[in-house]
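None of these values were measured; they are calculated from a predicted model. Proteins come first, then strands; the chains are lettered A, B, ... in the order of their sequence lines, and each starts at number 1.
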Amino acid sequence: MNQIKTSAPVLSTRGLDKSFGSLVVAKDIEIELPQGVRYALIGPNGAGKTTLINLMTGMLRPDSGQILLGGEDITALDPEARVRRGLIRTFQINSLFPHLTPLEAVTLAVCEREGISRTWWKPVWTYHDALDEAYDILKSLMLAAVCHRQTRELAYGQQRLLEIALALATKPKVLLLDEPAAGVPREESAELFTAITSLSQDITVLFIEHDMNLVFRLASRIIVMVGGRILVEGTPAEISADPRVREVYLGGAAHV
Amino acid sequence: MTSTSAALAGPHEHLRAQDRWRAIEVVFWLATLLPFLVTPNYLSLASQVAITALFALSLDLILGYAGIVSLGHAAFFGFGAYAAGILSKHGWGEPLSGLLFAGIAAGLLGYLMSFIIARFRHLALIMITLGFGLLLLEAANSAGWLTGGADGLQGVRMWPLLGMFRFDLYGFTAYWYSLILLFLLFLVSRRLINSPFGLSLRGIRENSTRMRAIGAESRAHIRKIYTISAAMAGIAGGLLTQTTETVSLGVLDFQRSADILVILVLGGAGRLYGGLIGAIIFLVARDQFSGINPQYWYFPIGVLLVVVVLFLPGGILGGLAQITGSERFQRMVRPLMVWRGKSP
Amino acid sequence: MITSVFGVLFDGFAYGMLLFLLSVGLSVTLGMMNFVNLAHCSFGMIGGYVTVTLMNSMGWPFLATLPVAFVVAAITSVLFERTMFRRLYRASDLDQCLLTIGLVFVSVASAAYVYGTIQQPVNLPSYLRGSYTIMGVTLGAYRLFLIAISLVITALLVLSLEYTRFGAQVRAAVDNQRMARGLGINVDGAFAVTFALGSGLAGLGGALAIDIVGLDPSFALAYLVYVLIVVSVGGLGSIGGSFAAATLLGISDMAGKYYFPEIGSFLIYLVMVGLLMWRPAGLFGRRS
Amino acid sequence: MQRATFLLGGLAAALLATTPANAQNTVKIGVVMSFSGQFADPGAQIDNGIKLYMKQNGDTVAGKKIEIIRKDSGGIAPDVAKRLSQEVIVRDGATILAGYDLTPNALAAADVSAQAKTFMVNMNAATSVITTKSPYMARTSFTVYQLNEALGAWAYKNGVRRAYTLVSDFGPGWDGEAAFQKGFKDAGGEIIGSARYPVANVDFTAFVQRAKDVNPDGIYIWVPGGPQPAALGKAIAERGIDKSKVKVMGQGELTYEEALKSMGDAGLGLITAFHYDYNHQSAKNKAFVAAYNAEFKRNPDMFSVGGYDGMHLIYETLKKTNGNTDPDALIAAAKGMKWESPRGPMSIDPETRDVIQTVYIRRVERVGGHLVNVEFDKIENVKDPWKARLPK
């Protein structure tokens with residue numbers, strides 16, 4: 001489980017600041033994510049976790065600071081361009097294509113990545129490679145059996161998996177998961193996280209999660225945020241021993 | 001509708017099966033030939049239905065597939081209509097090249113408009129399309145030297161189609177000409193919506209935020225489909241000009257934009273055949289109702305729309321698909337379907 | 001020159017007030033329940049025909065017919081809301097459009113059947129005709145009346161929405177329906193009342209509009225475009241927005257016709273398109 | 001879904017498969033005009049004129065039964081008007097076309113008349129050029145040039161020297177403007193300003209103010225029917241234009257009955273040129289108006305008389321041809337036909353097949369508690385001047 005920092009960071013931020021009026025939602029955020037690491041981002045509600053993901057993916061613009069992906073400054077790029085460079089996210093609340101089937105949705109993402117989506121004179125089914133790839137992704141997330149059902153008919157847990165499948169279809173270098181197991185029953189969420197941690201080591205993963213059992217079992221490193229700042233960053237062992245973290249989570253015993 | 005067998009056959013087989021022509025589609029297109037045999041006195045109505053169906057199809061591409069609601073689609077229909085008319089008035093009455101000209105002209109206008117369209121959504125988008133449509137109408141009214149203003153463009157005369165077929169009083173040439181074009185452009189649309197591009201359009205319709213998050217080139221897609229749709233609407237407009245040898249401000253009217261939206265939604269948006277069915281139902285109902293009473297036919301048409309919404313939400317095809325897809329219906333009709341050797 | 005500016009401002013404002021009365025109800029219902037009611041002007045038409053009937057057949061004075069126009073339009077709209085519209089609150093916008101356009105067609109045909117296609121005349125009392133000249137500016141009596149009545153109504157609307165319990169409930173429902181329900185607010189009831197209020201105002205607007213724009217069965221369709229323009233430019237669910245948009249459009253329309261008659265007919269659409277491109281959610285809109 | 005598609009298609013085909021009844025002794029007249037939409041009221045009035053004429057004169061002429069087939073073009077839609085005209089000929093077997101409220105529609109249908117060689121009676125559309133488009137067409141309404149060029153000349157003769165023109169910004173309005181200006185300038189007058197207001201305009205104060213600002217001694221207005229005349233009349237009164245000093249003139253629509261009712265006293269003093277009004281003083285018209293009131297509970301207007309005289313023309317031509325519906329025979333019979341209409345003496349110009357009639361100059365006055373158009377001058381036997389200038 002324990003990864004050793006070997007390569008240069010894939011994604012890093014330098015001094016990110018963001019506030020809405022007098023409300024500071026991100027203050028001096030410095031993060032470095034090395035390749036292949038499974039990072040957990042934890043913190044109490046309102047700590048600025050989702051905001052940080054929005055900043056990194058370009059859905060929000062920082063007031064100051066920089067975001068670097070593979071050494072390239074992407075601070076000024078729009079979200080689509082960041083996705084094309086391999087930085088992708090999922091949503092805390094499902095954001096799917098209700099009337100498409102999972103196969104169609106994931107194929108769509110593959111086609112967009114490959115630039116195939118510009119062609120309008122050849123049927124989708126002639127693109128065997130794209131379809132096979134989409135199918136494999138679905139299979140790896142245990143969605144193969146329902147790949148021809150309409151998305152809105154899927155069970156909630158399956159929809160959460162499809163969120164991840166869509167993200168994987170863009171062949172990300174960095175995958176940011178915003179509470180991937182939100183609303184999923186506990187038994188299923190363990191399964192879901194197993195699927196996440198067994199993803200290819202080429203992919204760096206950062207996930208927000210409230211279930212501390214899962215976090216400490218599956219994350220190789222943990223970042224703790226409080227009030228828009230990073231409180232501490234370290235291995236699960238370091239974090240669980242940290243008195244400041246204990247203080248923050250004193251009221252949040254239910255999670256642990 | 002069951003998919004288990006196809007799923008086993010591999011992911012592409014299932015999609016390929018969806019792309020295949022169904023017997024009912026073949027029957028539908030064969031049925032479009034019926035007016036020649038059964039109702040030869042209704043061919044000019046039939047050609048108007050075909051032209052309206054083409055116009056509705058063009059709107060379906062942007063509304064039904066990409067989710068772009070437009071209350072100004074008559075702008076492109078009218079632009080094509082005037083383009084074809086003005087070309088003919090100035091001495092070039094060859095129909096096919098005239099139609100091409102109409103399509104290109106409207107497509108160019110659509111391309112320019114698409115840069116604005118792609119930036120907006122919801123009510124703002126609807127009202128901006130409406131505004132541009134009305135601006136174009138006012139412009140056509142003002143430019144009397146070019147368009148003939150409110151009197152309509154005079155002097156539109158078409159040469160015989162392919163040098164052989166005159167546009168006759170019975171609408172014979174008009175109908176087969178319109179029908180062939182409708183069919184060809186339907187084939188193009190069918191191809192388009194089953195392509196990766198078509199898949200992306202449906203993605204934009206379903207969830208444009210998510211499309212951004214998977215790095216899709218949504219705006220480029222919207223620009224492209226808007227241009228194609230505009231060109232198609234322009235061809236429909238050109239067809240109307242050519243088959244009737246008239247053009248007036250009515251082709252740019254708000255009413256025309258609203259009517260075509262009603263027709264498409266009535267038939268069922270996003271179903272390719274929706275606009276076609278809507279055009280048939282709406283125009284035939286209007287012809288029949290107004291034949292019974294030319295003054296109050298709005299009443300039964302209005303009732304028709306209300307009834308369709310209340311009992312067949314999603315338009316006629318959408319509602320029927322829900323009904324025929326329901327378990328109860330399947331159980332009910334299964335005994336009747338035995339002869340087909342498979343379940344519906 | 002200065003007097004003509006004031007004259008144009010005055011006339012444009014009066015015209016804007018008429019647009020405001022016709023539109024404000026739609027803005028609120030569209031913003032609140034996301035219900036696309038294209039039949040809004042049909043309720044305006046009902047108000048117009050009520051006034052005409054009472055005046056011409058029963059000899060009522062003009063002013064006395066106005067409250068009745070309001071009430072009849074309001075009651076009719078609630079009947080439709082309770083029996084038909086509410087079933088479609090969760091349906092797609094397109095289905096809502098189709099249903100309400102169907103009702104517009106029915107209302108147009110019904111009006112033609114009952115009243116004929118003729119332009120309905122309305123004979124205003126003498127004190128509303130003619131004009132006053134104040135410091136060189138000619139002020140039409142009816143326009144003054146129109147402005148006065150609209151300002152009173154706007155004030156009443158704003159006060160009742162800002163300072164009453166009902167107003168607080170409506171505002172809560174507009175802001176966040178789900179949360180309002182959670183707080184135990186009777187959202188359905190609030191909506192029915194608001195719907196009635198909006199349609200009643202349209203009915204009143206329809207009655208007041210006869211003298212300026214006339215009344216025949218095509219009213220229900222002809223003014224739909226103007227109403228939609230005001231609603232979209234103002235921003236959904238915003239009374240202040242509708243007021244500002246109607247004023248702006250009324251004045252710019254009037255000024256455009258006065259100073260640039262060559263482009264007079266383009267101006268209202270140009271203003272709308274320009275404003276929406278600048279602020280897609282409308283002047284006072286929170287969401288588009 | 002596709003099953004349903006087919007079923008519906010079949011249903012549509014079945015609906016269409018009604019065959020036209022065909023009887024040797026019937027003359028079918030296809031009446032194509034707007035029965036619905038914005039222009040429904042003119043259509044209804046034309047139709048009333050047709051109905052009244054048939055009630056008074058029976059539905060049989062020269063041994064043939066007359067059958068009217070009504071088709072709704074629903075507004076400005078030449079493509080629809082053309083199709084309906086075609087259909088009423090090929091599907092329903094009509095041998096005469098009639099109706100036609102709007103210029104573009106009449107122009108499009110003229111093609112059908114010319115191509116199918118069908119006698120066509122234009123009962124309303126008033127643009128001069130229309131009758132030149134089919135040699136089988138006659139008109140029983142008026143032309144914009146006929147009325148307004150006469151009015152222009154009359155205005156100069158009656159003291160107007162500096163006139164301002166305000167017209168609706170579309171074809172008929174431009175024609176009205178051009179016709180008045182031609183009549184007025186040829187007589188020696190000066191046009192000191194002009195404006196065109198948008199077709200869908202609802203408020204006229206700005207335009208009237210502009211006219212007032214240049215201080216003319218005559219204002220000419222061209223306005224179509226509908227709500228605009230009343231709005232204009234009121235705006236003129238509100239702006240305080242003194243009609244005893246400034247002549248405010250227009251074509252008769254400006255002061256049609258309902259517009260005057262809405263205007264009230266604001267309408268007093270407006271001067272219009274027209275070919276018909278229910279207040280026209282003649283025995284023939286009194287009887288016509290009485291019968292019309294009894295039948296339709298309202299007064300006839302210019303549309304009604306267009307329909308009424310149109311039917312008269314059809315009946316009389318059929319009598320002349322002994323029921324023969326050969327288009328050449330019918331149009332030959334129509335040429336030069338003269339009769340006494342409720343509007344006064346009228347005839348069909350044998351050269352142009354257009355209407356020749358008296359143009360009345362009227363002023364709005366209060367008579368017996370009602371505002372009416374009182375004729376105080378007239379110009380007799382006016383032909384369409386626009387066609388007179390066409391190269392022969």
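- We find that A:E104 and B:R202 are joined by a salt bridge, their nearest charged nitrogen and carboxylate oxygen being less than 4.0 Å apart.
- Contact count against chain B (heavy-atom pairs under 4.5 Å) is highest for A:P123 among A:P123, A:G58, A:C111.
- Note that the CG atom of B:N207 and the CG atom of A:N94 stand 10.5 Å from one another [nearest 0.5 Å].
- Note: B:H221 NE2 to A:S117 OG = 3.5 Å, rounded to the nearest 0.5 Å.
- Chain A forms more heavy-atom pairs under 4.5 Å with one residue of B:L15, B:L199, B:L201 than with any other, namely B:L199.
- Considering all non-hydrogen atoms of both residues, B:A213 and A:M59 come closest at CB-CE, 4.1 Å.
- A:D78 CG to B:R219 CZ: the interatomic distance, rounded to the nearest 0.5 Å, is 8.5 Å.
- In the displayed structure, A:I93 atom CD1 is contacted under 6.0 Å by at most 12 heavy atoms of other residues, nucleotides or ligands.
- Of the two parts of A:E112, only the side chain, counted from C-beta on, holds a non-hydrogen atom closer than 4.5 Å to a non-hydrogen atom of chain B.
- Put simply, the side chain of B:V188 reaches to within 4.5 Å of the side chain of A:W120, judged on heavy atoms.
- Taking all atoms of both residues into account, the shortest heavy-atom contact from A:H99 to B:R205 is CB-NH2, 4.4 Å.
- Heavy atoms only, all atoms of each residue included: B:R191 and A:K122 are closest at NH2-CA, 4.4 Å.
- Atom OH of B:Y111 has 12 or fewer heavy atoms from other residues, nucleotides or ligands within 6.0 Å.
- A pairwise comparison of heavy atoms in A:F97 and B:G203 identifies CE2-O, 3.4 Å as the closest pair.
- Taken from NZ in B:K224 to CZ in A:R118, the straight-line distance is 8.0 Å, to the nearest 0.5 Å.
- The OH atom of A:Y135 sits 11.5 Å away from the NE2 atom of B:H14 when rounded to the nearest 0.5 Å.
- Heavy atoms closer than 4.5 Å to chain B are found in both the backbone and the side chain of A:E163.
- More than 12 heavy atoms of other residues, nucleotides or ligands shown are found within 6.0 angstrom of CZ on B:R223.
- In this structure the side chain of A:T119 never reaches within 4.5 angstrom of the side chain of B:S195, judged on heavy atoms.
- In this structure, the separation between CD on B:Q18 and NE2 on A:H148 is 8.0 Å, given to the nearest 0.5 Å.
- The 12-atom threshold is exceeded at CZ of A:R61, counting heavy atoms of other residues, nucleotides or ligands nearer than 6.0 Å.
- Interface residue A:T170: only side-chain heavy atoms are found under 4.5 Å from chain B.
- Both the backbone and the side chain of A:L166 come within contact range of chain B, each with at least one heavy atom under 4.5 Å from a heavy atom of that chain.
- In this structure, B:M211 and A:L108 have side chains that are in contact, with non-hydrogen atoms separated by less than 4.5 Å.
- Shortest non-hydrogen contact noted between B:A216 and A:R84 is O-NH2, 4.2 Å.
- The nearest pair of heavy atoms linking A:Y127 to B:P196 is CE1-CG, 3.5 Å.
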